[in-house]
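First the structure, in the form of structure tokens, and then the observations on it.
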Amino acid sequence: MRKRVADLISAALLVLQKNGVIATGDLPIFQVDIPKIPEHGDFATNVALVVAKSARQAPRQVAALIREALNPPPGMLARVDIAGPGFINFFLEDSSWLQVLADIEAAQGKYGDSTMGAGKKVQVEFVSANPTGPLHVGHGRGAALGDALANILAATGHQVEREYYINDVGLQMQTLGLSLFRRAQELQGLSVTFPEHGYQGDYIKTLAQHYLAAHGPVPAGDPDSQTLERCGRFAGEAILAEIQQDLADFGVQFDHWYSETRLFQEQILDKALATLQDQGYLYEADGALWFRATAFGDEKDRVVRRQTGVTTYFASDIAYHWLKFQRGFDQVIDIWGADHHGYVPRLQAVVQALGIAPERLTVLLVQLVSLLREGQPVAMTTRGGTFVTLRQVMDEVGKDVARFIFLSRRADAQLEFDLEVAKKQTSENPVYYVQYAHARLASVFRLAAERGIAWQEADRAVLTRLSQPEEMAILKVLAGYPDVVAAAARHLEPHRITYYLTELAKELHAYYYKHRFLSDDLELTQARLLLVRGIQSVLDHGLRLLGVEAPETM
RNA sequence: GCGCCUGUAGCUCAGUGGGAUAGAGCAACGGACUUCUAAUCCGUAGGUCGCAGGUUCGAAUCCUGCCAGGCGCGCCA
């Protein structure tokens, strides 16, 4: 609907260009907004304010000329006002909003989808937690965000792949192996000193039991390298399996689980570093190999291969991102915890050094989640092993609640998650508000079916029975949905969907309270069923994007 | 010390590439169930948009400085 108005204005501007009122050339960029106040119409544009300067006339005069030049189809516009400093306010005929319901019906459950990303291949890499411990709430937020984002990008026509990068190489795996080894020794009654930087969570003890059951007793003293590696691999694989189960239960399906090990096995690291070498961005100093990150604005150069000859984690990331673009993604989105933000400039530097346009890599930083219980912070230390896992949160409040709360904030704002509030099945908990709207409608349709009410196509004759203010308000909200999805995709902000759904649910609840849908007036009943079916369709679509269930009953 | 994020109602947060009188939920207060699901609805009250400058027709939004909170600044991952 907004687009129809914008097109109308563009056409008018072309007329004015031809008449020499405004400068020829590209059309100026103007906005068509939905005003906050009804008195300002259904849509308002600032076009006259934008054009006024080049036309060398007062904005209100320009606005009048534009209004003259408008050529709307019959029955579309009720009124066009010029207001304030030169805004043009459009008031649509009520009946023109009814088109929305026909649009929804025609889309067959896909109203909100678009083709804006057609032909674009996008990778969303998220969670990617190291397989050294269970997923915690912070990972849950990243999971909800990445998954919803991927859904939204897919709905807007992008070709999307979800990927999880497994850091299963390096020092941390040795530390993990040693932690397991020492716990195993403890279980055998040997007295040990636990490694200072070891993983202390209880889950390591459990894994040690499993290890002993599978491989038999461990020797006293320090492990040889083979044993250490076996312990590390055992723990890593077991933890990864658990992570995969957690994510599956959280409703997240990855297309690829990419192991860092492959970067070595398939010589990808060598190829990527060779590319940088060819470009002249690598140099030797102090016995190490460095990447010249300062050439692209990073604050210092970064080591790629240590004095010891072992490559760094950063080197793996160079290779991994080189590979991502080799794999043909137009857009690569990484979702990281905000504590890694210092890492962004060097990775952006790598992308540029590889000759890739920097805007093709987007790193989304997810701020941390602080967990509360009854308003009191829940203590969390990462290494110490006292943290709340995603599994615990899922068990306690449910997947849908957790996802909805995670998606009810901008990613770059810190999130407070109160377990007690999330557990309440009350209005303090917005997810139920939206789900309830959907279930309520399902209930209405069940009853309508029982009463044998005939369905009706969304044709004009029936729909003109919709004339109540609540009905007009709903139509306008429904008309805005495609814009919301598109904006969520453009800005990579799923929370826009969350807010929209809450608003739509509010419209439904108010409408439901005030008017009966099923009445003796068959035509009116059919019209209202069409309207609320449109609502249900959009609620369902939006909740699906968020990865939250749309229940039939509650 | 340097860098990134944040600062909007009592609380948690929205605020659409600068727009007209800054919004929602919760909490508070007052109302509404013989009805298609009250997990709902209606109403009241509540804000110097952290502070100070600047840019312009117009700033919560852009720029600069300051203040406060969070997170980073390894040849760790």
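By convention in this document, chain letters (A, B, ...) are assigned in the order of the sequence lines, proteins followed by strands, and residues within each chain are numbered from 1.
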Could you tell me the separation between the [atom1] atom of [X] and the [atom2] atom of [N], rounded to a whole number of Å?
X: A/Gln174; N: B/A77; atom1: CD; atom2: C1'; value: 13 Å
X: A/Phe404; N: B/C26; atom1: CZ; atom2: C1'; value: 14 Å
X: A/Glu503; N: B/U16; atom1: CD; atom2: C1'; value: 12 Å
X: A/Gln414; N: B/G7; atom1: CD; atom2: P; value: 10 Å
X: A/Ile474; N: B/C41; atom1: CD1; atom2: P; value: 13 Å
X: A/Leu365; N: B/U6; atom1: CG; atom2: P; value: 10 Å
X: A/Tyr512; N: B/A39; atom1: OH; atom2: P; value: 10 Å

Taking A/Gln307 for its side chain and A/Asp286 for its backbone only, find out whether a donor-acceptor pair lies under 3.5 Å. yes
Side-chain donor/acceptor of A/Asp400 to backbone N/O of A/Glu549, under 3.5 Å: yes
Any base atoms under 4.0 Å from [X], or only sugar-phosphate, or nothing? Heavy atoms, all strands.
X: A/Leu49; answer: base
X: A/Phe314; answer: nothing
X: A/Ala44; answer: base
X: A/Asp418; answer: nothing
X: A/Gln435; answer: nothing
X: A/Ala448; answer: nothing
X: A/His509; answer: sugar-phosphate
X: A/His515; answer: base
X: A/Tyr343; answer: base
X: A/Glu552; answer: base
X: A/Thr553; answer: base
X: A/Gln172; answer: sugar-phosphate
X: A/Ala338; answer: sugar-phosphate
X: A/Arg410; answer: sugar-phosphate

Between A/His40 and A/Ile34, who's closer to the 5' end of RNA chain B by nearest nucleotide? A/Ile34
Would you kindly compare A/Ile88 and A/Arg490 by the position of their nearest RNA chain B nucleotide and give the one closer to the 5′ end? A/Arg490
Would you mind telling me which of [options] lies closest to the side-chain atoms of [X]?
X: A/Asp412; options: B/G3, B/U6, B/C36; result: B/U6
X: A/His495; options: B/A38, B/C75, B/A14; result: B/A14
X: A/Arg306; options: B/C4, B/G17, B/A77; result: B/A77
X: A/Arg2; options: B/C4, B/G15, B/U16; result: B/U16
X: A/Arg516; options: B/G19, B/U35, B/C75; result: B/U35
X: A/Tyr499; options: B/G19, B/A14, B/A77; result: B/A14
X: A/Leu447; options: B/A20, B/C36, B/G25; result: B/C36
X: A/Lys506; options: B/C75, B/G25, B/A20; result: B/G25
X: A/Phe87; options: B/A38, B/C75, B/A20; result: B/A20
X: A/Tyr513; options: B/U16, B/A32, B/C76; result: B/A32

Below 4.0 Å: OP1/OP2 of [N] and any side-chain N or O of [X]:
X: A/Tyr432; N: B/G25; value: no
X: A/Arg440; N: B/A38; value: yes
X: A/Arg409; N: B/G15; value: no

With no hydrogens and no angle check, do the side chains of A/Ser519 and A/Thr525 hold a donor and an acceptor under 3.5 Å apart? yes
Checking A/Gln172 against A/Thr132: is there a side-chain donor and acceptor pair closer than 3.5 Å? no
Mind checking the [atom1] distance from [N] to [M]? Whole angstroms is fine.
N: B/C73; M: B/C63; atom1: P; result: 26 Å
N: B/A60; M: B/U16; atom1: P; result: 12 Å
N: B/G43; M: B/G25; atom1: P; result: 10 Å
N: B/A27; M: B/C11; atom1: C1'; result: 7 Å
N: B/G54; M: B/G15; atom1: P; result: 28 Å
N: B/C51; M: B/C67; atom1: C1'; result: 7 Å
N: B/A38; M: B/A22; atom1: P; result: 36 Å
N: B/U34; M: B/A39; atom1: P; result: 15 Å

The test is ring pair (Phe, Tyr, Trp, His ring centres under 6.0 Å); show your working for A/Tyr513 and A/His509 and say whether it passes. CA-CA 6 Å; A/Tyr513 186 83; A/His509 287 310; over 10 Å; no
Let's test this: given Watson-Crick or G-U wobble pairing with both distances under 3.5 Å, identify the partner of [N].
N: B/C13; answer: B/G23
N: B/A38; answer: none
N: B/G46; answer: none
N: B/G3; answer: B/C71

Can you find a donor-acceptor N/O pair under 3.5 angstrom joining the side chain of A/Asn89 to the base of B/A20? yes
Could a donor-acceptor pair under 3.5 angstrom be found where the side chain of A/His491 meets the base of B/G17? no
salt_bridge([X], [Y]) N-O dist < 4.0 Å:
X: A/Arg346; Y: A/Asp317; value: no
X: A/Arg528; Y: A/Glu471; value: yes
X: A/Lys324; Y: A/Glu125; value: yes
X: A/Glu450; Y: A/Arg446; value: no

Nearest heavy-atom approach of A/Arg409 to A/Arg141 is CB-NH2, 3.7 Å
Checking understanding here: a glycosidic angle within 90° of 0 is syn, the rest anti, so what is B/C73? anti
Using the rule for Phe, Tyr, His and the six-membered ring of Trp, do A/His340 and B/G72 stack at under 5.5 Å and under 30°? no
